[in-house]
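These notes are about the structure you will find just below.
Atoms considered below: every heavy atom in the structure, side chains included; atoms not considered: hydrogens, waters and symmetry mates.
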Amino acid sequence: MPRPHRPPSSAAVSDEALSGEESACYARHRPGLPDAAVRLPATAQHGVTAPVLLDLGTGTGQVPLALLPVLRRLTHIHLVDVSRRMPEHALRARTPVRGTCTVTGFVGAAHTYAPAVPDRARSLVTCCRSFHWMDRPAVLAMAARVAASHAVVAVMGDGSLWTCDAEWTAALRDLIRSRLGTARRAGTHGTYTEPGRSFRDELAASAFGEVTRHAFPVVRNRTPEDVIGYLRTTSFARPALLADRHQQFEADARRLLRAHAHDGVLREEAVSEVLLARRTAGAV
């Protein structure tokens, strides 16, 4: 299995990086991608004989794992994440299903990505549920340098349980706030700030200025234990935030979730959004 490339100037991973146990929890409890949201960027590769994927903020590799069965022509996948554990986990997960497609990993902030060796330009750049954490103008400038002239950028997201509008998620947010304060936490170093402008506007201001938005309603039926596992992977309720109070928090959250569940099920309604962006005519 290839080892993730780690450049000396950008390899530093913050202490927010997930441990091996948390990476496994992430893979188990983060929801998958809707089929329609996966097929859209795959369809955008129509006519590309040998697609190359650059997946930014890859996490446990959900995007390439979902794309491989529907974009069988993929010849190479570049995985990028700030956590050392994540590309390693994603590389292992891709091995049984990737066929002849090769895979490499890069550890570092997305905007610092650079190929280890010059190779084929990327025809599809994806970023799922992580664009809000990135230096977005710098990421898009990087993508403009490494992507093919015909490349498509796909920014994908569906919110989180923090933004979900349901009675049980509101009660859960209140519980989290009672332990960590009213502001939404963003890891152990601060609170979350909404981006100053929409992702669509960020894309429109970049070389990839031709943007279309696609939205797909999603309904998920979760169990209380699934939600508990999911919370362990979030920036707003991960174990490090609660320290020695984490066990009691989980016990209280479990009671709350069971009380709100109907026949053991918690219904989550979300919208999966995909922004597809192509280069504006004349952009470089």
Solution key, residues 138-151 side-chain donor-acceptor pairs under 3.5 Å, sequence neighbours excluded:
none

Completion exercise
Paired with E250, the side-chain hydrogen bond (donor to acceptor under 3.5 Å, both in side chains) test is passed by just one of Q248, Q247, H246, namely H246

Problem - Check ion pair E273-R213 (N to O, under 4.0 angstrom) - result: yes

Practice task
Output the distance between atom OG1 (T191) and atom CG (L180), rounded to the nearest 0.5 Å.
Solution key: 12.0 Å

Throw together a table of side-chain donor-acceptor distances under 3.5 angstrom for residues 30-42, partners on residues two or more places apart or in other chains.
from, atom 1, to, atom 2, distance (Å)
R30, NE, T233, OG1, 2.8
R30, NH2, T233, O, 3.1
R30, NH2, T233, OG1, 3.2

Handout entry: Heavy-atom check, side chain of T75 versus side chain of C101, under 4.5 Å
Key = no

Fill in the blank from the handout: Of all heavy-atom pairs linking L172 and L256, the shortest is N-CD2, 4.1 Å

Exercise for the section: Give a yes or no on whether the backbone of V274 and the side-chain of H214 come within a donor-acceptor separation of less than 3.5 Å. Expected result: no

Practice task
Using a 4.5 Å cut-off on heavy atoms from C-beta on, say whether the side chain of T280 contacts that of F208.
Solution key: no

Exercise for the section: Write down the atom of L161, the atom of R173, and the distance for their closest heavy-atom approach. Expected result: O-NH1, 3.4 Å

Handout entry: Single-linkage hydrophobic cluster Y26~I228, side-chain heavy atoms < 4.5 angstrom
Key = no

Practice task
Give a yes or no on whether W162 and W168 share a hydrophobic cluster (residues Ile, Leu, Val, Met, Phe, Trp, Tyr; joining criterion: side-chain heavy atoms under 4.5 Å apart).
Solution key: yes

Problem - Check: Q62/R129 side-chain N/O donor and acceptor closer than 3.5 Å - result: yes

Exercise for the section: Kindly give the heavy-atom pair with the smallest separation between R136 and F199, and that separation in Å. Expected result: CD-CE2, 3.8 Å

Exercise for the section: Mark yes or no for whether R279, through its side chain, and G209, through its backbone, hold a donor-acceptor pair below 3.5 Å. Expected result: no

Handout entry: Test item: P137 and E202 side chains (from C-beta on) under 4.5 Å apart, heavy atoms
Key = yes

Practice task
Using the side-chain contact (heavy atoms from CB on, under 4.5 Å) rule, take L79 and F106 through it: C-alpha gap first, then chi angles, then the decisive distance, then the call.
Solution key: CA-CA 6 Å; L79 306 172; F106 177 96; over 6 Å; no

Completion exercise
Closest non-hydrogen atoms of M134 and G57, given as atom of the first, atom of the second and distance, are CE-N, 3.7 Å

Practice task
Could you state whether V218 and L266 fall into the same hydrophobic cluster, counting links through intermediate Ile, Leu, Val, Met, Phe, Trp or Tyr residues with side-chain heavy atoms under 4.5 angstrom apart?
Solution key: no

Practice task
Work out which heavy atom in A110 is nearest to a heavy atom in V80; give both atom names and the distance.
Solution key: CA-CG1, 4.0 Å

Problem - Candidate pair S83 and V107, rule side-chain contact (heavy atoms from CB on, under 4.5 Å), full reasoning - result: CA-CA 6 Å; S83 167; V107 177; over 6 Å; no

Exercise for the section: Over all heavy atoms of both residues, which pair between A215 and V271 is shortest? Give the atoms and the distance, please. Expected result: CB-CG1, 3.8 Å

Problem - Heavy-atom donor-acceptor pair, R177 side chain to T182 backbone, under 3.5 Å - result: yes

Practice task
Tell me, with the steps shown, if L56 and F131 meet side-chain contact (heavy atoms from CB on, under 4.5 Å).
Solution key: CA-CA 8 Å; L56 305 174; F131 201 46; over 6 Å; no

Practice task
Flag this pair as yes if the NZ/CZ of R184 is under 6.0 angstrom from the six-membered ring centre of Y192 and inside a 45 degree cone about the axis; otherwise no.
Solution key: yes

Exercise for the section: May I ask you to check whether H29 and R232 show a side-chain donor-acceptor distance below 3.5 Å? Expected result: no

Exercise for the section: Working to the nearest 0.5 Å, report the span between CG of L242 and CZ of R185. Expected result: 9.0 Å

Exercise for the section: Could you tell me the separation between the OG1 atom of T104 and the NE2 atom of H76, rounded to the nearest 0.5 Å? Expected result: 3.0 Å

Handout entry: Pairing of R220 and D158 as salt bridge, 4.0 angstrom limit
Key = yes

Handout entry: Non-neighbouring partners of Q45 that pass side-chain hydrogen bond (donor to acceptor under 3.5 Å, both in side chains), sequence neighbours left out
Key = S123

Practice task
Check the side chains of D81 and T58 for a donor-acceptor pair under 3.5 angstrom, ignoring hydrogens and angles.
Solution key: no

Handout entry: Sub-4.5 Å side-chain heavy-atom contact between L203 and V155
Key = yes

Practice task
May I ask you to check whether H132 and S130 show a side-chain donor-acceptor distance below 3.5 Å?
Solution key: no

Exercise for the section: Without swapping roles, check the side chain of R73 against the backbone of V48 for a donor-acceptor pair under 3.5 Å. Expected result: yes

Practice task
Run the numbers on R278 and E210 for salt bridge (charged side-chain N to carboxylate O under 4.0 Å, His left out), then give the verdict.
Solution key: CA-CA 5 Å; R278 295 173 170 84; E210 296 184 4; over 6 Å; no

Problem - From OG1 (T126) to CG (D55), nearest 0.5 Å - result: 3.5 Å

Handout entry: side-chain contact (heavy atoms from CB on, under 4.5 Å) between L275 and T212, worked out
Key = CA-CA 6 Å; L275 298 174; T212 56; over 6 Å; no

Practice task
State which residue, out of V63, V52, L67, fulfils the side-chain contact (heavy atoms from CB on, under 4.5 Å) condition with L124.
Solution key: L67

Exercise for the section: Examine distances only and state if a side-chain atom of T188 and a backbone atom of L241 form a donor-acceptor pair shorter than 3.5 Å. Expected result: no

Handout entry: Value rounded to 0.5 Å, distance of CZ in R28 from OH in Y230
Key = 15.5 Å

Handout entry: E167/R267 salt bridge by N-O under 4.0 Å criterion
Key = no

Problem - Common cluster, V265/V227, ILVMFWY with side-chain heavy-atom separation under 4.5 Å - result: no

Fill in the blank from the handout: CG (L257) and CG (D252) are apart, to the nearest 0.5 Å, by 11.0 Å

